[in-house]
Amino acid sequence: MPSDSESFCRVKNSTIHGRGVFARRKIRAGTLLMEYLGKHISYEQACDDLAAREDDSNHTFLFSLEDGSIIDGGRDGNDARWFNHCCEPNCEAREVDGRIFIHALRDIARGEELNYDYGLVLDARYTPAVKRAYECRCGAPGCRKTMLAPKKRRRA
């Protein structure tokens, strides 16, 4: 993680959802902004934690890794947990050796909200109710209206 990541970004209220991360200055395409930090837990632990919650919101700070484990940004996390979803993102999250790093996809103007496509995947069928539960509020021209990744179509 760059030592001056705080000079790139700041957290403040977002028009997309709750809190967001915003560029403090112009950011060049390809810039490493920060690492997504938090406690590493198992998928099973994440499921247990979600089942024990008293509310039924889908709002979490969980980031799934390729090996099936989870980074819980709500525990020992950093400002990376405040990046909002966007269907036409200006950043992307890349996994390297079980760690997540957020990079700028394009040049980003000072004051612009930083975001990436969450690409959430559920095994369940994407019913209208499920899509509403994962509603996207990014407002991008190509918004797909959900933070869920499109299902892969089966070949006939």
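Heavy atoms only: backbone and side chains are in, while hydrogens, waters and symmetry mates are out.
Residues satisfying the side chain to side chain contact (heavy atoms under 4.5 Å, CB included) criterion with Ala129, sequence neighbours excluded, are Thr127, Arg132. The side chain to side chain contact (heavy atoms under 4.5 Å, CB included) test applied to Arg144 returns His85, Cys87, Asp117, Thr146, Pro150, not counting sequence neighbours. Residues satisfying the side chain to side chain contact (heavy atoms under 4.5 Å, CB included) test with Glu44, not counting sequence neighbours, are Ser42. For Ser69, the side chain to side chain donor-acceptor pair (under 3.5 Å) partners at least two apart in sequence or on another chain are Asp67. A search for side chain to side chain donor-acceptor pair (under 3.5 Å) contacts involving Arg75 returns Asp49, Asp72, not counting sequence neighbours. Under the side chain to side chain contact (heavy atoms under 4.5 Å, CB included) criterion, Val11 pairs with Arg19, Val21, Asp79, Trp82, sequence neighbours left out. Partners of Thr31 according to the side chain to side chain donor-acceptor pair (under 3.5 Å) rule, which considers only residues two or more places apart in sequence or in another chain, do not exist here. Applying the side chain to side chain donor-acceptor pair (under 3.5 Å) test to Glu92 and every residue at least two apart in sequence or in another chain returns Arg94.
Judged by distance alone, the side chain of Glu113 and the main-chain N or O of Gly20 form no donor-acceptor pair under 3.5 Å. Side chain of Arg81 to main chain of Phe61: no donor-acceptor pair is present (N/O by atom type, distance under 3.5 Å, no hydrogens or angles). Judged purely by atom type and a 3.5 angstrom limit, Tyr43 has no side-chain atom pairing as donor or acceptor with the backbone of Ser64. Side-chain atoms of Asn115 come within 3.5 Å of backbone atoms of Asn90 as a donor-acceptor pair (strictly under, hydrogens ignored).
No single ILVMFWY cluster, assembled from side-chain heavy atoms under 4.5 Å apart, contains both Phe63 and Leu105. If you chain together hydrophobic residues whose side chains sit under 4.5 Å apart, Leu32 and Phe22 never meet in one group. Under the 4.5 Å side-chain heavy-atom criterion for Ile, Leu, Val, Met, Phe, Trp and Tyr, Val121 and Tyr118 are members of distinct hydrophobic clusters.
To the nearest 0.5 Å, the span separating CG on Asp97 from CD1 on Ile100 amounts to 11.0 Å. Rounded to the nearest 0.5 angstrom, Ile108 CD1 and Cys91 SG are separated by 4.0 Å. Taken from CG in Leu37 to CD1 in Ile71, the straight-line distance is 7.5 Å, to the nearest 0.5 Å. Residue Tyr116 holds its OH atom at 11.5 Å from CG of Leu33, rounded to the nearest 0.5 Å. In this structure, CD1 in Ile102 is found 13.0 Å from CZ in Phe8, a value given to the nearest 0.5 Å. Note that CG of Leu122 and NZ of Lys131 are 12.0 Å apart. Values are rounded to the nearest 0.5 Å.
Of all the heavy atoms in Pro141 and Glu88, the pair that sits closest is CD-OE1, 3.4 Å. Cys138 approaches Cys143 most closely through the heavy-atom pair SG-SG, 3.7 Å. A pairwise comparison of heavy atoms in Leu114 and Ala23 identifies CG-N, 4.1 Å as the closest pair.
Pairs of residues two or more places apart, or lying in two chains, that qualify as salt bridge (Lys or Arg N to Asp or Glu O under 4.0 Å) and include a residue from residues 102-111 are Arg106-Glu112.
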